[in-house]
There are 2 protein chains.
Amino acid sequence: MQPSRSRPRIRDVAEAAGVSETTVSHVLNNKGRVDAATRARVAEVAERLGYRPNSNARGLRSGRADTIALLMPIVDLDATHHILAVDFYLSLTMNVVEAAFERDQALLQLPPLRRLDDLRRFGIDGGIVVDPLPADPRVAMFDRLGLPAVTIGRDIAHAGAPWWVAADSAAGTLTVLDHLAAAGARRVAMLSVDIGWSWFADAERAYAEWTARHGRHPMLVLARPDKLDSSAAEAAGRLLDLEPDAVYVPPQWLATGLLRAARERGLSVPGDLLVSVGVDSHQARTSEPALTAVDLDPARTAREAVDLLISRIEGRPPQAPRVIPVTLLPRRSTAVVTT
Amino acid sequence: MQPSRSRPRIRDVAEAAGVSETTVSHVLNNKGRVDAATRARVAEVAERLGYRPNSNARGLRSGRADTIALLMPIVDLDATHHILAVDFYLSLTMNVVEAAFERDQALLQLPPLRRLDDLRRFGIDGGIVVDPLPADPRVAMFDRLGLPAVTIGRDIAHAGAPWWVAADSAAGTLTVLDHLAAAGARRVAMLSVDIGWSWFADAERAYAEWTARHGRHPMLVLARPDKLDSSAAEAAGRLLDLEPDAVYVPPQWLATGLLRAARERGLSVPGDLLVSVGVDSHQARTSEPALTAVDLDPARTAREAVDLLISRIEGRPPQAPRVIPVTLLPRRSTAVVTT
DNA sequence: CTGAAAGCGCTTACAG
DNA sequence: CTGAAAGCGCTTACAG
């Protein structure tokens with residue numbers, strides 16, 4: 001038995017099956033008219049020989065690479081993924097990898113792009129950009145190269161563009177706020193971050209609408225997205241000065257800071273203060289008390305993003321953007337304390 | 001100006017520079033003898049035209065894809081990355097992406113491989129396998145296809161193979177144990193997990209040696225790697241029954257469980273119990289109290305792994321495995337309480 | 001329904 | 001120092 005040095009080529013399959021390379025290609029790609037018996041024989045031979053098309057040759061000829069790129073948020077390598085919750089990004093990544101694989105696409109992960117050439121270097125058909133900033137420069141690079149891109153999260157500066165997938169931040173926010181009100185909260189505040197991602201922008205808007213509709217005074221504090229730990233402490237302090245009895249905190253890192261600040265002031269959660277975070281994570285589940293959280297369904301988000309990108313690559317017309325339903329996971333941090 | 005429909009080919013560069021395609025190729029790949037002036041002119045033209053080689057064509061011809069694969073640990077998509085600490089894996093991933101990019105390699109992320117064909121499908125030159133299990137089946141697939149692979153973490157069933165990079169778990173363990181002893185601990189225990197990764201195996205061995213050398217009674221409790229939260233509670237309970245005054249806990253998830261169990265028993269950390277975790281994370285930094293941790297240097301681990309894989313791809317002889325130095329980050333959970 | 005031929009964009013002996 | 005030519009493994013009009 002030969003060492004795997006030379007994998008079988010399409011010619012080997014053609015010879016073994018007694019047909020031309022053209023016919024083998026047709027069978028393998030389900031194209032053209034091929035007699036059913038021939039088709040079966042060729043497929044069987046290809047299988048037996050363990051034939052796999054050479055992706056370089058196929059890509060060179062067809063112009064398609066069957067490869068898509070994934071670009072994570074523009075952030076410091078070590079700190080800023082925490083803006084939402086690190087679990088979410090790892091899960092999103094693994095699920096995008098899985099979804100791409102299932103659609104026969106290879107998944108290339110790209111570093112933060114500095115120049116257009118960084119993108120030109122790779123043989124890709126398109127890309128998924130996570131958490132676009134307003135008028136995101138990465139998306140602009142794809143546009144400039146004529147490469148299809150979709151985003152996870154909406155670019156809030158490009159109202160019209162339909163090529164995005166996003167968790168339903170507004171609905172999640174309203175669900176949380178109603179949940180807090182149902183638990184008896186009167187002074188419901190929001191602690192969030194000042195960064196132009198649609199997830200946060202939509203939550204803020206939903207909060208403003210909700211307070212207006214219920215005739216409540218809005219109490220919104222925004223943290224700076226840098227120097228995470230100190231800005232969290234500072235913002236949490238400002239928020240507690242407003243004396244809320246419940247807080248919705250979309251990002252996990254600020255929820256951690258809020259719990260600490262509350263503890264330092266002698267406030268008990270949920271006794272004196274209800275707290276809900278906007279994304280689920282191991283940290284939310286195991287914090288003391290366990291935090292009520294929003295399940296953003298990274299698996300479904302990933303699948304929809306890959307599907308949308310493939311649609312765009314194949315030139316299908318834009319559809320409606322895809323809004324992913326979210327689910328509230330009630331935990332002890334918002335449980336009504338029985339007297 | 002043309003839309004980017006047709007990127008320049010090597011022929012366009014050759015014509016614009018008045019030389020042959022061969023010469024352009026030589027210049028671009030630093031091969032053959034080319035007159036310095038010619039070289040400069042060709043390089044300038046290529047730059048001006050924004051020429052980028054077509055990776056499919058190059059790969060088809062040269063047999064090299066300039067693409068490497070990354071395989072994360074075999075785990076449930078959502079739960080088991082927490083075995084070490086989710087921050088570590090996300091940081092490792094982003095750093096591998098960055099390191100590969102700097103070495104002009106594209107980085108393909110692969111899902112858990114089920115069959116050999118899953119691997120054959122992709123045009124890759126080699127792969128990095130993270131946290132190999134004993135006699136890891138993923139590594140075996142690479143071997144079977146004659147594809148070079150390196151691992152992050154050592155396969156404890158393959159003592160001889162030098163193609164791995166790993167943080168120095170033994171040294172980290174000894175540093176932690178000495179640190180605990182210096183803080184006055186008499187009954188130093190270890191809480192770890194029963195999974196065949198070298199990181200944990202080496203820590204256990206180092207702990208055994210350290211206790212023997214210092215004439216101390218070893219107190220080792222291993223948690224099961226599944227059903228993370230309940231197994232953590234169970235193992236932490238068993239450990240506290242041994243009444244240690246200090247614990248080294250390599251994985252973050254068990255440290256979280258231990259802190260909770262200690263709290264439930266009315267034990268204060270660090271007052272009654274010193275705790276150190278084996279990997280740094282946002283969770284370790286922000287837990288109450290902040291946890292002394294080991295910095296595993298994922299950035300350097302990533303760089304060395306990419307470098308080692310490229311060595312192997314290029315057929316260079318095996319060198320010594322690469323052991324990454326680790327650093328202790330002392331925090332409040334092991335601070336001596338001043339009386 | 002099937003096949004011969006061209007060609008995707010490179011790199012690499014080879015000749016001069 | 002430079003270039004003409006072959007060929008990597010496919011897919012795709014095109015002809016029959």
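All values reported here derive from a predicted model rather than from experimental measurement. Only heavy atoms go into these numbers, but all of them, side chains included; no hydrogens, no water, no symmetry mates.
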Give B:Asn29 one of three labels, base, sugar-phosphate or nothing, depending on what nucleic acid heavy atoms sit under 4.0 Å from its own. sugar-phosphate
For B:Arg9, answer base if it contacts any base atom (sugar-phosphate contacts may also be present), sugar-phosphate if it contacts only those atoms, and nothing otherwise; contact means non-hydrogen atoms under 4.0 Å. sugar-phosphate
Pairing partner of C:dA4, by Watson-Crick or G-U wobble and under 3.5 Å for both distances, is none
Taking pairing as Watson-Crick or G-U wobble with both contacts under 3.5 Å, can you name the mate of C:dA13, or confirm there isn't one? none
Just say parallel, tilted or perpendicular for the rings of A:Tyr89 and A:Trp197, cut-offs at 30° and 60°. perpendicular
Does a side chain donor of either A:Thr22 or A:Ser25 reach within less than 3.5 Å of an acceptor in the other side chain? no
Distance-only side-chain donor-acceptor flag, A:Arg154 / A:Ser198, under 3.5 Å: no
Taking any atom closer than 4.0 angstrom to a non-hydrogen atom of chain A, what span of DNA chain C does the protein reach, first nucleotide to last? C:dC1 to C:dG9
Taking the side chain as every heavy atom from C-beta outward, state whether A:Gln109 and A:Thr93 have any atom pair closer than 4.5 Å. yes
Just wondering, more than 12 heavy atoms not from A:Glu47 lying within 6.0 Å of its CD? no
How about B:Arg48: does its CZ atom have over 12 heavy atoms from other parts shown lying under 6.0 Å from it? yes
Heavy-atom donor-acceptor pair, B:Asp168 side chain to B:Val323 backbone, under 3.5 Å: no
Looking only at atom types and distance, does a side-chain atom of A:Ser91 sit under 3.5 Å from a main-chain N or O of A:Asp87, one as donor and one as acceptor? no
Go nucleotide by nucleotide along DNA chain D from the 5' end; which of B:Thr22 and B:Arg61 gets its closest nucleotide reached first? B:Thr22
Counting only non-hydrogen atoms, which of residues 45-53 of chain B are less than 4.0 Å from DNA chain D? none
